[in-house]
Amino acid sequence: MIYVIKKDGTKEAFDVNKVVAAVRKSATRAMVEFSQKDWDRLCVIVEQRVKALESEEVRIAQMHSIVEGALEQLSPEVAKSYRDYRNYKQDFVHMLDDVYKKSQAIMYIGDKENSNADSALVSTKRSLIFNQLNKQLYQKFFLTTEELQACRDGYIYIHDMSARRDTMNCCLFNVPAVMEGGFEMGNIWYNEPKTLDVAFDVVGDIVLSAASQQYGGFTLPEVDKMMEKYAEKSYKLYYEKYIALGISAEKAHETAMNDIANDMRQGFQGWEYKFNTVASSRGDYPFISVTMGLATSEFGKLAAKTLLEVRKNGQGKPGHKKPVLFPKVIFLYDENLHGAGKPLEDVFEAGILCSSKAMYPDWLSLTGEGYVADMYKKYGRVVSPMGCRAFLSPWYERGGIKPADANDKPIFVGRFNIGAISLHLPMILAKARRENKDFYAVLDYYLEMIRNLHKRTYDYLGEMRASTNPLAYCEGGFLGGHLNYTDKIKPLLKSATASFGITALNELQQLYNGQSIAQDGQFALEVMQYINQKVAEFKEADGYLYALYGTPAESLCGLQIEQFRKEYGVIEGVSDRPYVTNSFHCHVTEDITPIEKQDLEKRFWNLMNGGKIQYVKYPVDYNIEAIKTLVRRAMKMGFYEGVNLALSYCDDCGHEELNMDVCPVCGSKNLTKIDRMNGYLSYSRVKGDTRLNAAKMAEIKDRKSM
């Protein structure tokens, strides 16, 4: 008796009929039909070769070689089909082995790729392991060989490979449209809220449910205006109650407004509790942002100022309060409303005070220079950022990509992005030089690659059913989102953007002529102008809303250094530090003032309308007037401005100050530290550890101007 030793070490009696069954599948795949004579001959050849081994045991690898050899004699086409399937299975074995190794690291060490994911939690570990598998499947079945090679070498980076095939990226979710008249969520009908406190709860439920069905940032645009309606409803109920009790109209109004203010505080505090403690089904805390600041009504102003007050005061036990990370707060600045002596100057002052204590809000200029301000000044429409920095290209109500006529207006709320793919520009320049090719020709190759990936993503996602995200696609959260559960979502994708990202612009300039963008920057500027023009050409030709995006590299900042060193070694100013520079920013080690940094980065500002943020380090130790001056300057320049202070809190005695490593009051090292990750805030230390990767921590340590 001859036994075959299987891959798992078990034994099975040799049976030539099993060879026939396996080969029959390969023949079918190759569309080849064997005659009975062919089958008989195959069996004879295989049996003879097995016996010729003169062994009672044959390993499965030997068995495969024998069968392949026999098939080469009978049909090379079937031999190739058999070999390809065998390699396919081997690839899966290797893939699952990689997933297993990664899963073990996640289980026992943790993962710091995403600072919003606490990999100590069981639910997060499960999600991270699934993401690793999904990423491998994406690479195996969605990418061409050339695309996979470009990713592995590091010339392009496909963000969020674990989720790209399943759903969309960041969005401006239309919560008011969902709540209007009631909606269904999780097979339960929600009536539209009749009071402010219930509205806060319902909004929280909607956000946590909808944000779990996507990846990337989830923005609630103009929340102060959104809550006006429900504040007015509650006010009427309170006022009528007090009048019925015989209280005077003046006192009834005063008491009702106090109740509304209390509901506001409780509501915004409830959001902070929910959004910072309840992980999504993805295993992370959803990246939720809110924009605010334009409401001029009594209730709207109260909502804005209360939101800022709650964030400024922080959460925690008495004497140990500190600001939370979510939602990110973005102040919509209109010089005509928030300027000196203007109607909402008090809201601006509240925002500055909040930024001085909590870094948020970040500040978006609606009346300065550039794309966002142009949309606001011309059409009165706000382009709120999605998540930390992504901006939507205009989609016109009647004309689509282009306005139908002079009266057509753009729409932004209820739209989304389908993903970002970033270029590693220094590697592309290094490749062009090594291969003695024109830089722009090599750049074009990778731009076309990204373009084709985006086109396939549009097509692939278009086949998804509306049931995959009911609040968005069926209940009105997205533009046109009133589909039936079984409808495909393709019609909704026409207004979605896709991003061409860039990183390491500073290192590109360094590689080009040994100068940083603070010292020179002309070549970097020319490259950005070129890419911007190419993206515009792709947009015109393909009919898709492509946009250029300044990438906020979190874990990518370290990965790209590893990739560059592997291919091109260590080059001073390019790959001699553990991280690359984010987006178009000056290097963090530049010894420049905040004003100099603003001026230097202004050159690139209008070239990246798909996603950008400008931030500087404010070495001002809670100096309110200095912060106010720099923010107003940024607003005149048309920036989306982040205040960077590096906040530190002692978890033992509650002392707080800027950037301490040891508490000067009690000597404790048990600190919570909040730093700006890129366009958003994250914990650089919590309970003695950090959720940030080593490369990002090295960058934070080096910061002078950021």
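Residue Lys636 places its NZ atom among 12 or fewer non-hydrogen atoms of other residues, nucleotides or ligands, all under 6.0 Å distant. Enclosure of atom NZ in Lys377 by more than 12 non-hydrogen atoms of other residues, nucleotides or ligands within 6.0 angstrom is indicated.
Among all heavy-atom pairs drawn from Gly611 and Tyr549, the shortest one is CA-CD1, 3.5 Å. When all heavy atoms of Met635 and Glu641 are compared, the pair lying nearest together is CE-CB, 4.0 Å. For the residue pair Ser384 and Leu172, the shortest heavy atom distance occurs at O-CD2, 3.5 Å. The two residues Gly419 and Tyr215 make their nearest non-hydrogen contact at CA-OH, 3.6 Å. For the residue pair Ser355 and Pro361, the shortest heavy atom distance occurs at OG-O, 2.8 Å. Here the closest non-hydrogen pair linking Tyr360 and Leu681 is OH-N, 3.0 Å.
Counting only heavy atoms from C-beta outward, the side chains of Trp271 and Val207 never approach each other to under 4.5 Å. Contact of the Phe391 side chain with the Val372 side chain is registered, since non-hydrogen atoms from C-beta on lie closer than 4.5 Å. A 4.5 Å side-chain heavy-atom check between Leu344 and Tyr333 finds every atom pair outside the cut-off. Within the 4.5 Å cutoff, side-chain heavy atoms of Leu353 are placed close to those of Lys312. Residues Ile595 and Leu630 form a side-chain contact, since some pair of their non-hydrogen atoms from C-beta on lies under 4.5 Å apart. Inter-residue side-chain proximity for Phe299 and Met227 is flagged as unmet; no heavy-atom pair is nearer than 4.5 Å. At a threshold of 4.5 Å between non-hydrogen side-chain atoms, the residues Leu337 and Phe348 do not count as touching. In this structure the side chain of Phe218 never reaches within 4.5 angstrom of the side chain of Pro286, judged on heavy atoms.
Counting only distance, with no hydrogens or angles, the side chain of Arg265 and the backbone of Val310 share no donor-acceptor pair below 3.5 Å. For Asp334 (side chain) and Leu366 (main-chain N/O), no donor-acceptor pair under 3.5 Å exists by modelled atom type. No donor-acceptor pair under 3.5 Å is formed between the side chain of Lys597 and the backbone N or O of Lys617. No donor-acceptor pair closer than 3.5 Å links the side chain of Tyr680 to the backbone N or O of Phe287. Glu335 contributes no side-chain N or O that, together with a main-chain N or O of Gly368, makes up a donor-acceptor pair within less than 3.5 Å. Between the side chain of Glu345 and the backbone N or O of Gly341, at least one donor-acceptor pair lies under 3.5 Å. In this structure, His159 contributes its side chain and Gly501 its backbone to no donor-acceptor pair below 3.5 Å. Distance alone, capped at 3.5 Å, places no donor-acceptor pair between the Arg311 side chain and the Cys354 backbone. Looking only at distances, no side-chain donor or acceptor of Trp605 sits under 3.5 Å from a matching main-chain atom of Gln614. Looking at Glu601, its side chain does come within 3.5 Å of a backbone N or O of Cys586 through a donor-acceptor pair.
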* Asked: Checking salt bridge (Lys or Arg N to Asp or Glu O under 4.0 Å) for the pair Asp661/Lys673: CA distance, chi angles, key distance, verdict?
  -> CA-CA 9 Å; Asp661 291 312; Lys673 298 186 70 174; 3.0 Å; yes
* To do: Take Gln214 and Phe416 through the side-chain contact (heavy atoms from CB on, under 4.5 Å) test and state the conclusion after the steps.
  => CA-CA 10 Å; Gln214 63 168 85; Phe416 55 91; over 6 Å; no
* Evaluate the criterion salt bridge (Lys or Arg N to Asp or Glu O under 4.0 Å) for residue pair Arg703 and Glu699; output intermediate values, then yes/no. => CA-CA 6 Å; Arg703 288 177 180 176; Glu699 187 238 85; 2.6 Å; yes
* To do: Decide side-chain contact (heavy atoms from CB on, under 4.5 Å) for Met637 and Ser365; before the verdict, give the C-alpha distance in whole Å, the side-chain angles of both, and the deciding distance to 0.1 Å.
  => CA-CA 8 Å; Met637 297 174 78; Ser365 173; over 6 Å; no
* Working for side-chain contact (heavy atoms from CB on, under 4.5 Å), residues Tyr376 and Leu332 -> CA-CA 11 Å; Tyr376 182 74; Leu332 303 172; over 6 Å; no
* Asked: For Ser583 and Lys612, what are the C-alpha separation, side-chain angles and deciding distance, and is it a side-chain contact (heavy atoms from CB on, under 4.5 Å)?
  -> CA-CA 8 Å; Ser583 187; Lys612 53 190 177 180; 5.8 Å; no
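Side chains of Ser668 and Asn670: no donor on one and acceptor on the other come within 3.5 Å.
By the 6.0 Å and 45° rule, Arg603 does not stack over the aromatic ring of Phe584.
For the atom pair CG of Leu671 and CG of Leu647, the computed distance is 12.5 Å after rounding to the nearest 0.5 Å. In this structure, the separation between CG on Asn606 and OH on Tyr371 is 11.5 Å, given to the nearest 0.5 Å. For the atom pair CD (Glu232) and CD (Glu298), the distance works out to 10.5 Å, reported to the nearest 0.5 Å. If you take CZ on Arg676 and CD1 on Ile700, they are separated by 11.5 Å, rounding to the nearest 0.5 Å. Rounding to the nearest 0.5 Å places CD1 of Ile288 at 11.5 Å from CZ of Phe173. The CG atom of Asp591 lies 8.0 Å from the OG atom of Ser705; values are rounded to the nearest 0.5 Å.
Taking the charged nitrogens against the carboxylate oxygens, Glu228 and Lys225 have no contact shorter than 4.0 Å, which rules out a salt bridge. The existence of a salt bridge linking Lys274 and Asp205 is confirmed by a sub-4.0 Å separation between a basic side-chain nitrogen and an acidic carboxylate oxygen.
If you run side chain to side chain donor-acceptor pair (under 3.5 Å) between Ser499 and each of Asn417, Asn169, Thr551, only Asn417 comes through. The only option from Lys229, Met226, Glu222 that meets the side-chain contact (heavy atoms from CB on, under 4.5 Å) definition with Pro176 turns out to be Met226. No option in Phe268, Phe275, Tyr273 other than Phe268 meets the ring-ring contact (aromatic ring centres under 6.0 Å, His included) test with Phe200. Paired with Asp263 under the rule side chain to side chain donor-acceptor pair (under 3.5 Å), one option of Tyr230, Tyr235, Tyr238 passes, and it is Tyr238.
Applying the salt bridge (Lys or Arg N to Asp or Glu O under 4.0 Å) rule to pairs touching residues 315-324 yields Lys322-Asp651, sequence neighbours excluded.
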